[in-house]
Amino acid sequence: MDLWLSEQQELIRDAAKDYAQRRLEPRAAWRDETGTFPAKEYKEMAELGFLGMNIPESLGGSETGVLAYSLAVTEIAKADASVAVGMSVTNMVAEALTAFARDNVAKKHVPAICSGDYLAGAFALTEAGSGSDAGSLRTTANKVGDDYILNGAKIYITSADHAGVFIVMARSDRNQNGPKGVSAFAVPADTPGVTLGKKERKMGQHGSSTLEVLFEDCKIPASHLLAEEGQGFKVAMMALNGGRVGIGSLALGLGRAALDFSRDYSLERKQFGKPISTNQAIQWKLADMATTLDAAELLVRRAAWLKENKRPFTKEACMAKVYATETANEVCKEAIQILGGYGYVKDYPVERYYRDARVTTLYEGTSEIQRLVIARELLNEVQGA
Ligand code: CAA
C-alpha cells in the first residue's frame, strides 16, 4: 500500500476541505439546531462530483476512486458529519446500482444521483424487527407476472425524504427465513405505494434526515431487481462493505475536528496563570487523541486502498469502521474534558461533535457486528471455511 497521496487525490482532498470550510462549517450549528437538510449544498456537492466518486464517467460519476472519496468524506465530516453521512450513503447507493442494476435501470438512476437531480439515494435494509440480524427482514416481494409487489416497512432510512431512488431489500422467497430468501430492488421514490412515515428525532446528526419508509402494494418491474433473485442479502452486504469505509472516513473527520478544536483551545485557555496546554494532563490527552486518530486513518486508508485495487476488503473495512468510530467517540469525549464546562454548552462545537459521533458505532453495523465479521473472517482464513 502506498502511503503517499497522488497529486489528484491531494487536489480532491483540498477541494473538499475548501468547500466544507467555506460552505458547510459556518451553518453546521444552525443545521444542528433547526434540523435543516442542506438541499442546496447537496446540489453543490454534486456539481463538485462528490455524489458519485467511484462511479464511471459514462454514468455521470467523477471516477476519482475510493481513496479520494474517503478523503473527501473526512473533510466534509470535519465541517458537518450530518452532511457527510448523506454523502456517504448516496455514494454507496450509486455504487451498488452501478454494480448490480440492469443496464437501463443504472442508466436512469445513477446519472440522476451523480448530477444532484435526485439530491440523494437511500438504502432500505433495516426494519423494526431486523437491525443487526438483517437477514431476518420481513418486507415481502411477491412475483406477479413481470412485476414484484412490495409490502412492508423500513426504519431509520437516511435521506429518505430527499431520495430519488431507494435500494430495498425484501423477502422474495417466503419459504426461506434467513438471508437466502432476500432480493434487492431499485425502487424509484415516486413509485405508487411508497410513502414516508415517522421522521426520527435524534440525539445528533440533525442535518441528516432519518425516516420510516412504507411500501404498500408497490409494483416494481422485474427489471429493477439487483443482481439475481435471492442474491439481495449479498448485494446489501457488499454495498455495506464499501459503506463502512465511508463511515470510518466520516468518524475520522469528526475526531480530527474535535482534536483540532480542543488543541487550539488549550493553547488559548489560561488557568493558574498559564495556558492549560502546558499541563501534562492535557498534553497526554492530546497525544493519545492524535495517536489513535492516526491509527484510525491508517486503517481507513488501507481499507480504501484495498477496495480501490479490487482486493478483498470486508475484514479491513470492518476494522476501519469499528476502530475509527470508537476512536471518534473517545476523542470527542476527551475534547469536552479539555474544554471543561465550555465543552458542554452549545457556544462551542465539541458538544455537537460528541452527539454526532455517538451514532457512528451504530449505523452501517454496530461495533459488535463489525467485531463479529472480523472474527468470522479471521477464523475462516485458518479454517478455510
Ligand atoms: N460481504 C460479502 N458477503 C457477505 C458479507 C459481507 N460483509 N456478510 C455476509 N455475506 C454473505 C455470506 O458470505 C453468506 O454467503 P453464502 O450464503 O454464500 O455463504 C451470506 O452473505 C449470508 O451471510 P451470513 O450467513 O454471515 O449471515 P448472518 O445472518 O449470519 O449474519 C451479518 C450476517 C454479518 C450479521 C449481517 O446481518 C450484518 O452485517 N448485519 C448488520 C446490518 C447492518 O450493517 N445494518 C446497517 C443498516 S444500513 C445503514 O445503517 C445505512 C444508513 O442509512 C446509515
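Whatever order the structure lists them in is the order used to number ligands and atoms, beginning at 1.
- Heavy atoms of Thr366 found under 4.0 angstrom from ligand 1: none, in either backbone or side chain.
- A donor and an acceptor atom, one from each side chain of Glu330 and Thr292, are nowhere located under 3.5 Å apart.
- Residue nearest to atom 29 (O) of ligand 1, selected from Gly135, Gly178, Pro179: Pro179 (by heavy-atom distance).
- Distance screen at 4.0 Å: atom 48 (S) of ligand 1 has a protein heavy-atom neighbour inside the cut-off.
- The presence of a protein heavy atom under 4.0 Å from atom 32 (C) of ligand 1 is ruled out.
- On a distance-only criterion, Tyr363 and ligand 1 share no N/O pair closer than 3.5 Å.
- With a 4.0 Å heavy-atom cut-off, ligand 1 is reached by the side chain of Leu240 but not by its N, CA, C or O.
- Ligand 1 places these atoms under 4.0 Å from at least one heavy atom of Thr158: 52 (C), 53 (O), 54 (C).
- Put simply, atom 12 (C) of ligand 1 has no protein non-hydrogen atoms near it, under 4.0 Å away.
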Inset, instruction - Output, in order, the C-alpha distance, side-chain angles, deciding distance and verdict of side chain to side chain donor-acceptor pair (under 3.5 Å) for Ser88 and Tyr69. - result: CA-CA 9 Å; Ser88 178; Tyr69 158 71; 3.1 Å; yes
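- Using a 4.5 Å heavy-atom threshold, the side chains of Ser209 and Lys199 count as touching.
- Using a 4.0 angstrom heavy-atom cutoff, Lys180 counts as in contact with ligand 1.
- The ligand atoms of ligand 1 that sit less than 4.0 angstrom from a heavy atom of Ile369 are 35 (C), 38 (C), 39 (O), 40 (N), 41 (C).
- Using a 4.0 Å cut-off between heavy atoms, Glu364 contacts ligand 1 through both its backbone and its side chain.
- Classified by interplanar angle (parallel below 30°, tilted 30° to 60°, perpendicular above 60°), the ring pair Phe37/His162 is parallel.
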